[in-house]
Novice: 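The following block contains the structure, expressed as structure tokens.
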Amino acid sequence: MADALAAGGGMVGQFPLEQWFYEMPVCTRWWMTAALSASLLVQCRIVSPFQLFYSFRTVFVRSQYWRLITTFFYFGPFSLDLLYHIFFLQRYSRLLEESSGRSPARFSWLLAFASTLLLCMAPLFSMAFLGSALSSTLVYIWSRKNPDTLLSFLGIFVFKAPYLPWLLLCFSLIMHGTVPKDEMCGIVVGHIWYFFNDVYPPLHNNHSPLDPPAWWVRLFEGPPPLPEPTGEDLTDLTGQPVDGTDVEPELIPVPQQ
């Protein structure tokens, strides 16, 4: 699976746009591709937004389980609002994934955890599409991990990163005239992850309850490489240790049957 996720990266002779696309970390690349593809399919009337939204009844009563995933991909039809969401998605998702060491296992585990909480919260607040909420979660986590980073809003004033989620929330309130429930839920989920991943471990002997399990890491990155044998690991037939670099296979005596 690790090879499939990383396919296509680092090719020589790419166009600038193609090079920019493949330079993105794996999870961010596929999420942005899925978001643009969903909007394109809706724009071409191949699928309808009514086939993509999430509701408890359609998923668990009518068994339309694809909605558990598609609800995070659709940000609306092609418009300035879509470009706004795609910009923040690829920027802060990329920064957060790169800060995790470009590990598909760790970042995908974050996405899975946040998505599960948002799916549980969605029926309580009547949220049909959760892409904006998940994007807000990532923005919040990045802002808390970089408290001293200075940002500029529309070139008007400069502020520190922790204020970014709240500024975006106010901006969305002004633009749409309604309370952005999805962004507020995203901030709540982001704070839960930040607390148990950054605040809780130093207070409890560096125990992090939200680290990905070993089977999840193997699924995305494969089994860990075997350590190379050293001289202390090699012994001759008499039980004496030998230097592995000096062993000649054809000189090792073979016991007679």
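A quick note: this is a predicted structure, and the numbers were derived from the prediction, not measured.
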Novice: Would a hydrophobic clustering, with Ile, Leu, Val, Met, Phe, Trp and Tyr connected at side-chain separations under 4.5 Å, put Trp193 with Val217?
Specialist: no

Novice: Would a hydrophobic clustering, with Ile, Leu, Val, Met, Phe, Trp and Tyr connected at side-chain separations under 4.5 Å, put Leu151 with Leu167?
Specialist: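 Shared cluster, yes.
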
Novice: Say you draw a straight line from CD1 of Ile86 to CG of Asp81; how long is it, rounded to the nearest 0.5 Å?
Specialist: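 Going from the CD1 atom of Ile86 to the CG atom of Asp81 covers 10.5 Å.
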
Novice: Is the side chain of Ser152 donor-acceptor paired with the backbone N or O of Val158 at a distance under 3.5 Å, no angle test?
Specialist: no

Novice: What residues form a side chain to side chain donor-acceptor pair (under 3.5 Å) with Thr28, not counting sequence neighbours?
Specialist: Ser93, Glu97

Novice: Please name the pair of heavy atoms, one in Val59 and one in Tyr65, separated by the smallest distance, quoted to 0.1 Å.
Specialist: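 It is O-CE2, 3.5 Å.
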
Novice: Quick one, Ser135 and His85 - any side-chain contact, counting heavy atoms below 4.5 Å?
Specialist: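 Side-chain contact under 4.5 Å: no.
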
Novice: Please step through side chain to side chain contact (heavy atoms under 4.5 Å, CB included) for the pair Tyr140 and Leu169, ending with a clear verdict.
Specialist: CA-CA 11 Å; Tyr140 181 87; Leu169 191 149; over 6 Å; no

Novice: Report, as yes or no, whether the 6.0 Å neighbourhood of atom OH on Tyr163 holds more than 12 heavy atoms from other residues, nucleotides or ligands.
Specialist: no

Novice: Looking only at heavy atoms, which two atoms of Thr137 and Val189 are closest? And how far apart?
Specialist: OG1-CB, 3.9 Å

Novice: Linking directly or through intermediates, with side-chain heavy atoms under 4.5 Å: list the remaining ILVMFWY members grouped with Leu80, chain and number order.
Specialist: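 Once heavy-atom contacts under 4.5 Å are chained together, Leu80 belongs with Leu83.
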
Novice: If you round to the nearest 0.5 Å, how far is CH2 of Trp66 from CZ of Phe73?
Specialist: 14.5 Å

Novice: Could you state the interatomic distance from OG (Ser37) to CE (Met32), rounded to the nearest 0.5 Å?
Specialist: 9.5 Å

Novice: Rounded to the nearest 0.5 Å, what's the gap from CD on Gln90 to CG on Leu95? Could you check?
Specialist: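 One finds 8.5 Å between CD of Gln90 and CG of Leu95.
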
Novice: Going by ring pair (Phe, Tyr, Trp, His ring centres under 6.0 Å), name the residues that satisfy it together with Phe72, two or more places apart in sequence or in a different chain.
Specialist: none

Novice: Looking only at heavy atoms, which two atoms of Pro162 and Pro165 are closest? And how far apart?
Specialist: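 Closest approach of Pro162 to Pro165: O-CD, 3.5 Å.
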
Novice: Not counting sequence neighbours, which residues clear side chain to side chain donor-acceptor pair (under 3.5 Å) with Ser55? List them please.
Specialist: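 Checked Ser55 against side chain to side chain donor-acceptor pair (under 3.5 Å); matches are Thr58.
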
Novice: So if you build clusters from Ile, Leu, Val, Met, Phe, Trp, Tyr with side-chain heavy-atom gaps below 4.5 Å, do Phe87 and Met175 land together?
Specialist: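 Yes, because Phe87 and Met175 connect within a single hydrophobic cluster, where side-chain heavy atoms sit under 4.5 Å apart.
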
Novice: Looking at residues at least two apart in the chain, or sitting in another chain, which of them share a ring pair (Phe, Tyr, Trp, His ring centres under 6.0 Å) with Phe196?
Specialist: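 Only Tyr200 meet the ring pair (Phe, Tyr, Trp, His ring centres under 6.0 Å) criterion with Phe196.
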
Novice: Holding to side chain to side chain donor-acceptor pair (under 3.5 Å), I want the full list of residues that pass it with Gln64, two or more places apart in sequence or in another chain.
Specialist: Arg67

Novice: So which heavy atom on Leu119 is nearest to which on Tyr54, and how close?
Specialist: O-OH, 3.3 Å

Novice: Return the minimal non-hydrogen interatomic distance between Ser132 and Phe75, and the atom names on each side.
Specialist: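 Answer, listing the atom of Ser132 first, then Phe75: N-CE2, 3.6 Å.
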
Novice: Can any side-chain N or O of Thr71 pair as donor or acceptor with the backbone N or O of Leu130 at less than 3.5 Å?
Specialist: yes

Novice: What residues form a side chain to side chain donor-acceptor pair (under 3.5 Å) with Thr70, not counting sequence neighbours?
Specialist: none

Novice: If I compare all heavy atoms of Phe78 with all of Leu36, which pair ends up nearest, and what's the gap?
Specialist: CZ-O, 4.2 Å

Novice: So do the side chains of Asp211 and Asn197 get within less than 4.5 Å of each other, counting heavy atoms only?
Specialist: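 Yes. Closest side-chain heavy atoms under 4.5 Å.
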
Novice: Calculate, to the nearest 0.5 Å, the distance between atoms CH2 and CG belonging to Trp142 and Leu164 respectively.
Specialist: 7.0 Å

Novice: So which pairs with a foot in residues 43-61 pass salt bridge (Lys or Arg N to Asp or Glu O under 4.0 Å), sequence neighbours left out?
Specialist: none

Novice: Are any of the side-chain heavy atoms of Leu150 and Phe159 separated by less than 4.5 Å?
Specialist: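 Side-chain contact under 4.5 Å: no.
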
Novice: List, by chain and number, the other hydrophobic cluster members for Leu41, where Ile, Leu, Val, Met, Phe, Trp and Tyr join if side-chain heavy atoms come within less than 4.5 Å, directly or indirectly.
Specialist: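 Grouped by the 4.5 Å side-chain rule, Val42, Ile46, Val47, Phe50, Leu52, Phe53, Tyr74, Phe129 form the rest of the cluster around Leu41.
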
Novice: Suppose the criterion is salt bridge (Lys or Arg N to Asp or Glu O under 4.0 Å): which pairs have a residue in residues 165-193, not counting sequence neighbours?
Specialist: none

Novice: Are the side chain of Arg29 and the backbone of Met24 linked by a donor-acceptor contact shorter than 3.5 Å?
Specialist: yes

Novice: Which atom pairs, one a donor and one an acceptor, fall under 3.5 Å between side chains of residues 108-115 and the rest of the protein, sequence neighbours left out?
Specialist:
unit_1: Ser108; atom_1: OG; unit_2: Pro104; atom_2: O; d: 2.5
unit_1: Ser108; atom_1: OG; unit_2: Ala105; atom_2: O; d: 3.1
unit_1: Ser108; atom_1: OG; unit_2: Trp216; atom_2: NE1; d: 3.0
unit_1: Trp109; atom_1: NE1; unit_2: Leu210; atom_2: O; d: 3.0
unit_1: Ser115; atom_1: OG; unit_2: Leu111; atom_2: O; d: 2.6

Novice: Any side-chain heavy-atom pair from Phe125 and Cys185 closer than 4.5 angstrom?
Specialist: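 In contact.
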
Novice: For His191 and Ile187, run side chain to side chain contact (heavy atoms under 4.5 Å, CB included): C-alpha distance rounded to whole Å, both residues' side-chain angles, the deciding distance at 0.1 Å, then the answer.
Specialist: CA-CA 6 Å; His191 186 73; Ile187 290 175; 5.5 Å; no

Novice: Honestly curious: do Leu82 and Tyr84 fall in one hydrophobic cluster under the side-chain, below-4.5 Å linking rule?
Specialist: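 Yes; tracing contacts between hydrophobic side chains, which count when under 4.5 Å, links both residues.
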
Novice: Is there a continuous path of hydrophobic side-chain contacts, each under 4.5 Å between heavy atoms, that joins Val179 to Ile174?
Specialist: no

Novice: Sequence neighbours excluded, which residues qualify as ring pair (Phe, Tyr, Trp, His ring centres under 6.0 Å) partners of Phe195?
Specialist: none

